[in-house]
Amino acid sequence: HIARNLEEKEFEFSTNSLWIAQENLSLVSLLTNNDIKGKHSEIDSLSKSFESLINSQGDKSAEVVRDLLNFMSKEFSHVAEKDSNNYKITAAFSNYIFNEFDNIDGILYPSTLYPKKGLNFVFKQSTVEKKLKFHVASRRKMVFYGDKGYYETEIIDSQINTSESNKIIW
């Protein structure tokens, strides 16, 4: 809610976590997006490789796939302020990918908040349960100070997970 500016509250919590893949993951990449060109060097490199692949196909259907992935990348990586309807297209696309392709573990897309260095993932529940292991998390309390915005007032770190469970212990 802080990042999306949905409403001003007295305080919010922001939680980040680190998970470790226990095996290789198959991801749908939505990293090609004209709106983010030049902002993230790794994404630019992958986009160039993808564009070369599309061009080498000499096939109109490959260009349609490129255009669809570019559209979906924009949908996943735009700021969705004050409108819960903004997630309907991305939710429908995610459901389609996860329901139609058993071998796909997740979707990789550019970060909205950190376009120069961030990447985001959407994972199927079964991927989280079977292929990822929780390692550590951090929760921050953010207090709203009027026109100055939110300020971090408290940090709580979880214990480092050494068990087989994915439980967070604060």
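Position 1 is the first residue of the sequence; numbering continues from there.
In this structure, CH2 on W170 lies 5.5 Å from OG on S158, to the nearest 0.5 angstrom. Taken to the nearest 0.5 Å, the CH2 atom of W19 stands 7.0 Å off from the CG atom of L132. We find the NZ-CD1 distance between K74 and I89 to be 12.5 Å, quoted to the nearest 0.5 Å. Atom-to-atom distance recorded for M72:CE and L69:CG is 9.0 Å, nearest 0.5 angstrom. Taken to the nearest 0.5 Å, the OG1 atom of T162 stands 10.0 Å off from the NE2 atom of H135.
Checked against side-chain hydrogen bond (donor to acceptor under 3.5 Å, both in side chains), R66 has the following partners two or more places apart in sequence or in another chain: E51. Checked against side-chain hydrogen bond (donor to acceptor under 3.5 Å, both in side chains), Q22 has no partners two or more places apart in sequence or in another chain. Partners of K141 by side-chain contact (heavy atoms from CB on, under 4.5 Å), not counting sequence neighbours, listed by chain and number: F11, F13, V143, T153, E154. Listed by chain and number, the residues in a side-chain hydrogen bond (donor to acceptor under 3.5 Å, both in side chains) with N55 amount to none (sequence neighbours excluded). D67 is linked by a side-chain contact (heavy atoms from CB on, under 4.5 Å) to nothing, counting only residues two or more places apart in sequence or in another chain. Checked against ring-ring contact (aromatic ring centres under 6.0 Å, His included), F50 has no partners two or more places apart in sequence or in another chain. When the ring-ring contact (aromatic ring centres under 6.0 Å, His included) test is applied to F71, no partner is found at least two apart in sequence or on another chain. In this structure S52 satisfies the side-chain contact (heavy atoms from CB on, under 4.5 Å) test with no other residue, sequence neighbours excluded. With sequence neighbours left out, the side-chain hydrogen bond (donor to acceptor under 3.5 Å, both in side chains) criterion links E152 to R140.
Legend: salt bridge (charged side-chain N to carboxylate O under 4.0 Å, His left out) pairs involving residues 52-65, not counting sequence neighbours, sorted by first then second residue: K60-E63. Applying the salt bridge (charged side-chain N to carboxylate O under 4.0 Å, His left out) definition to pairs two or more places apart or across chains, none involves residues 155-170.
In this structure, the side chains of P110 and L119 stay at 4.5 Å or more apart for every pair of heavy atoms. Two residues are said to be in side-chain contact when any heavy atoms from C-beta on lie closer than 4.5 Å; F76 and N120 fail this criterion. Between L27 and F123, the closest side-chain pair of non-hydrogen atoms falls below 4.5 Å. Using a 4.5 Å heavy-atom threshold, the side chains of I107 and F93 count as touching.
The main-chain N or O of L30 is found under 3.5 Å from a side-chain atom of S73 such that the two form a donor-acceptor pair. Between the side chain of D44 and the main chain of G38, a donor-acceptor pair closer than 3.5 Å is present. The backbone N or O of I104 sits nowhere less than 3.5 Å from a side-chain atom of S26 that would complete a donor-acceptor pair. A distance-only check finds a donor-acceptor pair linking the side chain of N161 to the backbone of S165 [under 3.5 Å].
Following chains of ILVMFWY side-chain contacts shorter than 4.5 Å, one cannot reach I168 starting from V136, and the two form parts of different hydrophobic clusters. Residues I169 and I160 do not share a hydrophobic cluster, clusters being chains of Ile/Leu/Val/Met/Phe/Trp/Tyr side chains in contact below 4.5 Å. Tracing side-chain contacts under 4.5 Å through hydrophobic residues (I, L, V, M, F, W, Y), one never reaches L108 starting from V122; they form parts of separate clusters. Residue F134 is not grouped with residue I20 when hydrophobic side chains (ILVMFWY) are merged at heavy-atom distances under 4.5 angstrom, including chains of intermediate members.
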Taking distance alone, no hydrogens or angles, what donor-acceptor pairs closer than 3.5 Å link side-chain atoms of residues 94-101 to residues at least two apart or in another chain?
| unit_1 | atom_1 | unit_2 | atom_2 | d |
| --- | --- | --- | --- | --- |
| S94 | OG | T90 | O | 2.9 |
| N95 | ND2 | A91 | O | 3.3 |
| N99 | ND2 | N95 | O | 3.0 |

* Just do the side-chain contact (heavy atoms from CB on, under 4.5 Å) check on L46 and S49 with the steps written out, would you? => CA-CA 5 Å; L46 290 169; S49 296; 5.7 Å; no

* Chi angles and distances behind the salt bridge (Lys or Arg N to Asp or Glu O under 4.0 Å) call for K124, D105 -> CA-CA 6 Å; K124 288 194 290 193; D105 295 307; 5.3 Å; no

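When every heavy atom of E23 is checked against every heavy atom of K131, the shortest pair comes out as OE2-CE, 3.4 Å. Of all non-hydrogen atoms in S163 and K133, the two that sit nearest each other are O-NZ, 2.8 Å.
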